2 protein chains.
Amino acid sequence: MRLTTKGRYAVTAMLDLALHGAAGPVTLADIAFRQGISQNYLEQLFGKLKRARLVISLRGPGGGYALACKPEEISVSAIISSVGEGVDATRCGGTSDCQDGLICLTHELWSDLSHRIDEFMSAISLASLVARDEVKLVSHRQDCDTQRRIEARAVG
Amino acid sequence: MRLTTKGRYAVTAMLDLALHGAAGPVTLADIAFRQGISQNYLEQLFGKLKRARLVISLRGPGGGYALACKPEEISVSAIISSVGEGVDATRCGGTSDCQDGLICLTHELWSDLSHRIDEFMSAISLASLVARDEVKLVSHRQDCDTQRRIEARAVG
DNA sequence: GCAATACCCGACTAGAACACTCAACTAATC
DNA sequence: GATTAGTTGAGTGTTCTAGTCGGGTATTGC
């Protein structure tokens with residue numbers, strides 16, 4: 001059982017947006033730089049996030065992405081399923097035709113598990129993540145890193 | 001986020017063992033037949049289950065596999081991690097060096113999630129699965145199917 | 001109007017993993 | 001000594017991930 005980077009990247013990028021979006025739209029280049037994610041790959045993910053109406057985009061200079069609604073209204077679960085990494089531990093995708101068209105021995109178990117995971121991730125919003133101490137700490141470190149790298153580039 | 005068949009098959013096979021093991025060792029051929037799993041693939045999985053001391057094997061005619069301890073003492077979590085499908089939602093594998101050797105913005109979130117999933121699966125034993133109504137029902141259906149197929153083969 | 005910025009979109013790909021399959025071997029029983 | 005059944009290792013087709021690449025189009029400021 002593993003979560004791929006697709007869902008992780010999406011949540012990380014959305015959290016970055018929530019943290020830095022106050023001053024206006026944030027570019028993918030900035031997010032890619034701060035979070036160490038390929039910008040081209042982020043474009044793919046944000047295409048999906050936009051289609052799911054979790055973000056809005058602004059083109060042209062000074063453009064970028066912004067959250068489509070309040071951080072309290074965006075759950076981790078919504079982000080993950082919007083990029084196509086829905087939680088599904090069953091074999092059949094919930095249709096209960098796991099074994100030759102009939103239900104398999106462990107269907108209920110996986111169905112339960114999927115439900116639990118979704119419940120957990122639905123309860124966590126971007127706002128609650130922003131409020132966490134460790135997120136604040138890491139975000140601050142990332143901002144300092146970014147500042148330092150910009151300065152280093154200006155000097156070199 | 002998905003559970004692969006590796007973990008699912010392992011749990012299903014172990015449950016089959018718990019259901020049919022009362023009369024003595026159960027062969028992989030029987031499990032493969034009842035659960036619709038490739039026998040060759042099951043062999044690989046049972047190699048791991050044996051190394052994890054969740055099952056014991058008996059060679060020769062009348063041989064097969066049996067649970068190494070009581071069904072109450074075997075958790076779904078133990079089965080899944082024994083076949084190498086440990087629950088790990090983090091990128092770094094728990095080492096917190098997710099971003100250039102440092103902790104990433106969402107490490108805690110994935111770490112929490114992994115913990116929750118493991119907690120859920122640790123609380124479920126083979127015994128508790130055997131006691132479930134829907135498991136009894138499906139198991140009974142499978143036994144009838146098996147009986148019918150044996151008879152059909154004898155006639156044909 | 002024109003250049004720069006930044007989102008938009010589709011096609012392509014190396015590599016990894018999963019889900020097997022095959023073949024040969026050893027141990028136990030009758 | 002033949003059959004049963006577990007044991008082991010190597011090989012393989014398919015799918016998915018995690019990208020890359022190359023071209024678009026909309027918006028802004030000069």
Side-chain angles (χ1 to χ4, degrees), chain A residues 1-13 17 20-21 24-33 35-68 80 83-86 88-89 91 93 98-99, chain B residues 1-10 12-13 17 20-21 24-33 35-68 80 83-86 88-89 91 93 98:
Chain A
M1 162 150 282
R2 59 182 230 279
L3 188 70
T4 65
T5 62
K6 206 196 291 182
R8 262 198 300 267
Y9 281 178
V11 174
T12 304
L17 215 54
H20 297 92
V26 182
T27 65
L28 289 189
D30 283 354
I31 300 178
F33 186 73
Q35 305 304 332
I37 305 173
S38 147
Q39 184 177 339
N40 286 313
Y41 194 41
L42 270 185
E43 283 179 5
Q44 286 181 35
L45 298 181
F46 272 79
K48 294 180 180 180
L49 290 171
K50 198 191 169 183
R51 247 165 280 149
R53 295 174 188 280
L54 291 178
V55 297
I56 51 173
S57 64
L58 285 150
R59 295 179 142 197
Y65 285 95
L67 296 180
I80 286 185
V83 295
E85 187 161 275
D88 180 30
R91 183 188 200 176
C98 344
Q99 191 186 359
Chain B
M1 162 150 281
R2 59 183 229 278
L3 189 70
T4 64
T5 61
K6 207 195 289 180
R8 261 198 300 267
Y9 281 178
T12 304
L17 216 54
H20 296 92
V26 182
T27 65
L28 289 190
D30 283 354
I31 300 178
F33 186 73
Q35 305 304 331
I37 304 173
S38 146
Q39 184 178 342
N40 286 312
Y41 195 40
L42 270 185
E43 285 176 2
Q44 286 180 33
L45 299 180
F46 271 78
K48 294 178 181 182
L49 290 171
K50 196 189 171 186
R51 247 165 280 148
R53 297 174 186 282
L54 291 178
V55 297
I56 50 173
S57 63
L58 286 151
R59 295 179 143 196
Y65 285 95
L67 295 180
I80 286 186
V83 293
E85 187 162 274
D88 181 29
R91 183 188 199 176
C98 344

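These numbers come from the heavy atoms of this one structure, side chains and all, not from hydrogens, waters or symmetry mates. What you see is a predicted model; the values in this text were computed from it and never measured. Per chain, numbering begins at 1; letters A, B, ... match sequence-line order.
A search for side chain to side chain donor-acceptor pair (under 3.5 Å) contacts involving Tyr9(B) returns Arg91(A), not counting sequence neighbours. Qualifying side chain to side chain donor-acceptor pair (under 3.5 Å) partners for Gln99(A), counting only residues two or more places apart in sequence or in other chains: Gln142(B).
Here Gln35(A) contributes atom CD and Asp30(A) contributes atom CG; the two are 11.0 Å apart, rounded to the nearest 0.5 Å. Put simply, OH on Tyr65(B) and OG1 on Thr27(B) are 10.5 Å apart, with the number rounded to the nearest 0.5 Å. Residue Ile37(A) holds its CD1 atom at 8.0 Å from CD1 of Ile31(A), rounded to the nearest 0.5 Å. Atom CG of residue Leu28(B) and atom CG of residue Leu42(B) lie 5.5 Å apart, to the nearest 0.5 angstrom. For the atom pair Ile80(B) CD1 and Arg8(B) CZ, the distance stands at 9.5 Å (nearest 0.5 Å).
Rounding to whole angstrom units, OH of residue Tyr9(A) and C1' of dG19(D) are separated by 9 Å. Counting to the nearest Å, the C1' atom of dT15(D) and the NZ atom of Lys6(A) are 12 Å from each other.
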With the criterion being N/O to N/O and under 3.5 Å, what pairs connect the protein with nucleotides 1-3 of chain D, and how long is each?
none

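Note that the first and last nucleotides of DNA chain C, 5' to 3', having any atom under 4.0 angstrom from a heavy atom of chain B are dC18(C) to dT29(C).
Less than 4.0 Å separates DNA chain C from at least one heavy atom of each of the following residues of residues 40-49 of chain B: Asn40(B), Tyr41(B), Gln44(B).
Between Gly60(B) and Leu58(A), the residue whose closest nucleotide on DNA chain C is further toward the 5' end is Leu58(A).
Closest of all the heavy-atom pairs between Gly21(A) and Val26(A) is CA-CG2, 3.9 Å.
The side chain of Thr5(A) places no N or O atom within less than 4.0 Å of a non-bridging phosphate oxygen (OP1 or OP2) of dT17(D).
For the pair Val55(B) and Leu17(B), the minimum side-chain heavy-atom distance is below 4.5 Å.
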Under 3.5 Å, sequence neighbours excluded: what are the donor-acceptor pairs made by side chains of residues 43-51 of chain B?
from: Lys50(B); atom 1: NZ; to: Ser57(B); atom 2: OG; distance (Å): 3.0

